[in-house]
Undergrad: 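First the structure, then my questions, so here it is.
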Amino acid sequence: MADLDVEKIKLESRGLRGTLHESLNDPLTGGIAESDTILTKFHGLYQQDDRDLRQERREARLEPLYQFMLRVRIPGGHITPEQWAAMDGLADSVANGTIRLTTRQAVQFHGVAKEDLRTLIRRLDDALLDSIAACGDVNRNVMCHVQPEAGPVHAQALAWARRLSEHLLPRSRAWREIWVDGEKVDIDRPPEEEPIYGRSFLPRKFKAAIAVPPVNDVDIYSQDLGFIAVAEDDRLVGFNVSVGGGLGCSHGEPETFPRLADVIGFIRPRDLLAVAEAVVTIQRDHGERENRKRARFKYTIESHGLDWFRRELEWRARVRLEPARELHFEHNGDRYGWIEQRDGRWQRTVFVENGRLLPAHRSGLREVISRHASDVRLTPNQNLVVAGVPANARDTVDLLLDSAGLGESGTSAVRRHAMACVAMPTCGLAMAEAERYLPDLLTRIEELAARHGIEGEPITVRMSGCPNGCSRPYLAEIGFVGRAPGRYNMYLGAAFDGSRLSRLYLDNADEAEILDTIDTLFERYAADREDGERFGDFLVRSGQVAAVEHGSEVNQEEVNREQAS
Ligand code: SRM
Ligand code: SF4
């Protein structure tokens, strides 16, 4: 579909309603009208088809096996045990039996039939959950650091994440009307005013997060808009503001590139919503609308420059940015093991490989959450924290998780820090496997790490099935991006704390080539690293990989090669 058609569909959608009511009631197809597939994203839904069955269905002259993916909006990833129980039940009754934890602290259901969508959404609504703006050209799920060892600062940051998420929701009532109340749209009734978004919403998706240093689990530099908490004596005094991050790009299109956000200044908590709203409206008014590949906010910043942006922001928000406060991050992963909370209860991060919870995992987790936890937190690294566990229940929780095949015991440091995006068979954009292949590749990588005596090193490995980068591979010390079945670009040299992007090192490589290269680099790392030096930093210091100063350099090797040929 042409990019301008998407703009037209949004504009003429009568507040995101389109012809969804008719599409849902059309018994002749398992799918919905193409124009409605654009609008369902704003309601947290993607139409997909099972790619494993595509060929078979085509040969049988059947329409693709249409099914839907629904993403639940969960600001900061915090939910109650009751909400978890509701989602757990829905995985069996209307989805494919799995729950997928995402890289943005949300939950996805896959394989939902059109006729089950209303049931799914109504049950979520009963549990006080929704999927509004979980996808689409609006602000998405707002992320927030999960660990409460940050104490009161974490609690305040989470409260701001929730407020921010609410503040930037579209005002349209279409989600409730269509999915919960099942009302037919009255075409004569004018749609709701959208004071923040306007009738065309944003040119492209928009992402925001709140980080609490020293942990950068939310990968703050990858966000369109970031608020980095600044604390004094356990008190939140304000936020450093970061703008213009984003990771998606396309193979062979150098005008698209991953970009790290810039930290532009410090604000007081009372100004957070005004600043966020101003950033969003600047993107609404100045973002590119003719070419969706250049429509993310990072390109608006690139085109207009930071000085212009800062002036525009201060004017719109009526806020003077103070100089940014000093900040320091240690890592962009999750922290494992039991941690004591300030209230004397305990929390444990549960390692969920690539965020995919299968039926066997779910039953053990169900028991842990319903009987022993007072809250649940989904992490930005596709894991899950069971929190509020009484001290005397810890052994039982460990046993239950182990017998459910969950948990990090017996897994290597590399695996615990790895992530893969969904890719095949549900993602329509996948060029190669990710979630279904990374576990096997990691087994080979673990063997290499053991051979060189570095198996205890938490080197970050992330794999995406295409350059969109849903697992944030350009911020991993070893990143893989799918090019074709069985072939990947390999990126190296990102910083362990998420503050430096990686650089293309191998282009279109197969497994043998990848492992051969990692073997050589692990050997050098084991022999020549300095005390405590991280793998990505070592590659840069030792000159194996040139540090990336600007995102346009990430794929520079590819550009050079194409120019030379
Ligand atoms: Fe993503 C599109 C899955 C986080 C960049 N992403 C998609 C779609 C919806 C495919 C599509 O458009 O048809 C994928 C659905 C697959 C499926 O079957 O479930 C998809 N993205 C995911 C998730 C589930 C990956 C995961 O394994 O966890 C993550 C859901 C997050 C959430 O809960 O909201 C997910 N996607 C990300 C991230 C990471 C992040 O946000 O922290 C990125 C990189 C950061 C960024 O946005 O720059 C990301 N996804 C994209 C892009 C590239 C956007 C761009 O700027 O070019 C696309 C394609 C697009 O938008 O056209 C995309
Ligand atoms: Fe799909 Fe590509 Fe995102 Fe993976 S990175 S989920 S393949 S869009």
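Just the heavy atoms: all of them, side chains too, but no hydrogens, waters or symmetry mates, feed the values below. Just so it is clear, the model here is predicted, and its values are computed rather than measured. Just follow the structure's listing: the first ligand is 1, and inside any ligand the first atom is 1.
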Undergrad: Ignoring hydrogens, just give me the one of Glu435, Arg71, Arg294, Arg100 whose non-hydrogen atom is nearest atom 27 (O) of ligand 1.
TA: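 Heavy atom nearest to atom 27 (O) of ligand 1 belongs to Arg100.
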Undergrad: Looking at ligand 1, would Gly245 count as a contact under a 4.0 Å heavy-atom criterion?
TA: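 Flag not set, Gly245 not near ligand 1.
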Undergrad: Can you tell me the protein heavy atom closest to atom 2 (C) of ligand 1 and the distance?
TA: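 Sorting protein heavy atoms by distance from atom 2 (C) of ligand 1 puts Lys205 NZ, 3.9 Å first.
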Undergrad: Please check if the distance between the ring centroids of Phe257 and Tyr474 is under 6.0 Å.
TA: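 For Phe257 and Tyr474, the ring centres are not under 6.0 Å apart.
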Undergrad: Are any of the N/O atoms in Thr103 less than 3.5 Å from those in ligand 1?
TA: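 Indeed, backbone or side chain, Thr103 has an N or O that close.
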Undergrad: Answer yes or no as to whether an N/O/S atom of Cys470 is found below 2.8 Å from atom 1 (Fe) of ligand 1.
TA: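 Checking atom 1 (Fe) of ligand 1 against Cys470, an N, O or S atom does fall under 2.8 Å.
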Undergrad: Any idea which protein heavy atom is nearest atom 16 (C) of ligand 1, and the distance to it?
TA: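 That would be Cys427 CB, 3.6 Å.
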Undergrad: Sort by chain and number the protein N/O/S atoms that are closer than 2.8 Å to atom 4 (Fe) of ligand 2, and list them.
TA: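 Less than 2.8 Å away from atom 4 (Fe) of ligand 2 sit Cys421 SG.
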Undergrad: Which residues satisfy the side-chain hydrogen bond (donor to acceptor under 3.5 Å, both in side chains) test with Tyr46, sequence neighbours excluded?
TA: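 Checked Tyr46 against side-chain hydrogen bond (donor to acceptor under 3.5 Å, both in side chains); zero matches.
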Undergrad: Are side-chain heavy atoms of Thr379 and Val385 found at a separation under 4.5 Å?
TA: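 Yes - at least one pair of side-chain heavy atoms lies under 4.5 Å apart.
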Undergrad: So which of Lys207, Arg472, Gln108 gets nearest to atom 19 (O) of ligand 1, if we judge by its closest heavy atom?
TA: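 Selected option, by shortest heavy-atom distance: Gln108.
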Undergrad: Among all protein heavy atoms in this structure, tell me which lies nearest to atom 60 (C) of ligand 1, with the distance rounded to 0.1 Å.
TA: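 Going atom by atom, the protein heavy atom closest to atom 60 (C) of ligand 1 ends up being Arg204 NH2, 3.4 Å.
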Undergrad: Hey, does Gln223 come in under 3.5 Å of ligand 1, counting only N/O atoms on both sides?
TA: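 By distance alone, the answer is no.
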